[in-house]
Protein chains: 2
Amino acid sequence: MSATRMMILGVVSWLEPVHGYDVRRELLSWSADRWANVQPGSIYHALRKLAGEGLLRELPSEQVGARPARTRYEITEKGRAEFHRLLSDLMWDVKPVADPFASALAFLPAVPPDEAAAALRQRAKVLRTTVEGFRSAATSGWLGDKPPHVGWMFELFGARGDAEAQWCERIADRIESGASYTWSEEAADTSSNNQG
Amino acid sequence: MSATRMMILGVVSWLEPVHGYDVRRELLSWSADRWANVQPGSIYHALRKLAGEGLLRELPSEQVGARPARTRYEITEKGRAEFHRLLSDLMWDVKPVADPFASALAFLPAVPPDEAAAALRQRAKVLRTTVEGFRSAATSGWLGDKPPHVGWMFELFGARGDAEAQWCERIADRIESGASYTWSEEAADTSSNNQG
DNA sequence: CCGGCTTTAGTCAAATTTGGCTATTACGCT
DNA sequence: AGCGTAATAGCCAAATTTGACTAAAGCCGG
């Protein structure tokens, strides 16, 4: 979970001292749950583990009313070094990521042409709508209030979305033009062999 | 792990009867470990779990020499239905995936401009080399022997890679032209607040 | 023929992740 | 003022994933 660790260290570094729910709220405000593993269980697990490893320091808990006591954290020098090391690793590393859509594509021969084309066209539509949302966020000024790198992230998501939408449409066109990608519907369901 | 389950069911469906190592070898031949969670522990875990749920059927083990006995599996009708259901879900679902590079970008303000630009240029270079590899696989005939959808997957990976490489170069140009994305190097390391 | 390396086949202990759960407090609407 | 919902704050049992490990067999070069 090196990305999760880096993010938790980074948020603590920027906002310290914080408690778990502060971290959770901050990451949710970035919609980080959509592109990183930062559900509550992962956040609290990482906070405790990083404190156990001396990368974060727990401050005395405080109690507010009858709510659960909340533990605040600050980063240590060791933690700051680890944050920069992990961040640098992640910046320089170029590696594919696990992608459920690629998994589905590997078995495309098992999907009838009608459904395959329809799903690809729908995907292109959803991607284009999402990318349009990023662009109107930019022009509406909402993004203008945010640091420049946030806009750059949206540009990246937009560029990826555009490229994938175009690919979806191109492949749907081929399928609808009769391009054969199954041996036959019968064979695809029984004995054929994918030698990807 | 619905993508992992779908892939295991799919491979068993296409190659049955198989044992775990057959599945492992087949997925490795697709380089599936690069874009799916199919390390040995996940494969064998999924095989046992799917058999336990009645989606796969274990056949009597066979022994070859003094090697560990190997359990062969075949798919059940229930498993075939689940394979198609999961495959359809994954074809139609449009959702971002956990991406370590996006995690790093969220903390870009903590990376000095020199390093950020260098990492982005290096990333662009690696992506372009990878995409060129896909294209030469296509022209060399290696891909010609494979079913069409395999080429389509490479086209998708290529389209994504191109889009991201262009984005990397564009952002590196901005950084090198002096675009400010940290408040200051000092502020970025101490008290600033990322409001993504 | 022998030695070194690869392949075969599965497992394991640990790491990581999930997302619904708990009870209290705060807020908004009627 | 009261009710219903959302926010607060952390946790849990379970699910999922990892990748190095094991020992025997096979292969290739010297």
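Hydrogens, waters and symmetry mates are skipped; everything else that's a heavy atom, side chains included, is used. Throughout, protein chains are lettered first and strands after them, A, B, ... in sequence-line order, and every chain is numbered starting at 1.
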Starting at atom [atom1] of [X], determine the distance to atom [atom2] of [N], rounded to an integer number of angstrom.
| X | N | atom1 | atom2 | value |
| --- | --- | --- | --- | --- |
| Ile43(B) | dT8(C) | CD1 | C1' | 14 Å |
| Arg48(B) | dG10(C) | CZ | C1' | 8 Å |
| Tyr44(B) | dT8(C) | OH | P | 11 Å |
| Arg72(B) | dT8(C) | CZ | C1' | 16 Å |
| Arg70(B) | dT11(C) | CZ | P | 14 Å |
| His45(A) | dG19(C) | NE2 | P | 16 Å |

### Message
On DNA chain C, compare the nucleotides closest to Ser42(B) and Asp22(B); which residue's is nearer the 5' end?
### Response
Asp22(B)

### Query
Below 4.0 angstrom from OP1 or OP2 of dG19(C), is there any side-chain N or O of Gln39(A)?
yes

### Query
For dG10(C), does OP1 or OP2 lie under 4.0 Å from any side-chain N or O of Tyr21(B)?
no

### Task
Mind checking Ala46(A) for me? I need base, sugar-phosphate or nothing, with any heavy atom below 4.0 Å counting as a touch.
nothing

For [X] and [Y], indicate whether the former's side chain and the latter's backbone hold a donor-acceptor pair under 3.5 Å.
| X | Y | value |
| --- | --- | --- |
| Glu16(A) | Ile75(A) | yes |
| Ser88(A) | His84(A) | no |
| Ser177(B) | Asp173(B) | yes |
| Arg34(A) | Val97(B) | no |

### Message
Using five pairs at each end of the helix from dC1(C)-dG30(D) to dT30(C)-dA1(D) to define an axis, what is the angle between those two axes, to 10°?
### Response
40°

Does the side chain of [Y] come within less than 4.5 Å of [X]'s, by heavy atoms?
| X | Y | answer |
| --- | --- | --- |
| Val12(B) | Leu47(B) | yes |
| Thr4(B) | His45(B) | no |
| Trp167(B) | Leu120(B) | yes |

On a heavy-atom basis, which atom in [X] and which in [Y] lie closest, and how many Å separate them?
| X | Y | result |
| --- | --- | --- |
| Ile8(A) | Ala46(A) | CG1-CB, 3.8 Å |
| Val111(B) | Ala116(B) | CG1-N, 3.6 Å |
| Ala165(B) | Ala124(B) | O-CB, 3.8 Å |

Side-chain donor-acceptor pairs of residues 103-110 of chain A under 3.5 Å, sequence neighbours excluded:
none

### Task
Mind listing the residues from residues 51-61 of chain A sitting with a heavy atom below 4.0 Å of DNA chain D? Number order is fine.
none

#### Entry: Single hit among Arg5(A), Arg48(A), Glu82(A) for side-chain contact (heavy atoms from CB on, under 4.5 Å) with Glu53(A)
Arg5(A)

### Task
Take the angle between the ring planes of Phe83(A) and Trp14(A) and call it parallel below 30°, perpendicular above 60°, tilted in between.
perpendicular

### Query
Which residues pass the ring-ring contact (aromatic ring centres under 6.0 Å, His included) test with Phe101(A), sequence neighbours left out?
none

### Message
Please identify the 5'-most and 3'-most nucleotides of DNA chain D with any atom under 4.0 angstrom from a heavy atom of chain A.
### Response
dA7(D) to dC12(D)

Can you check nucleotides 20-28 of chain C for protein contacts, nitrogen or oxygen pairs under 3.5 Å, and list what you find?
residue : atom : partner  : partner atom : Å
dT25(C) : OP1  : Ala66(A) : N            : 3.1

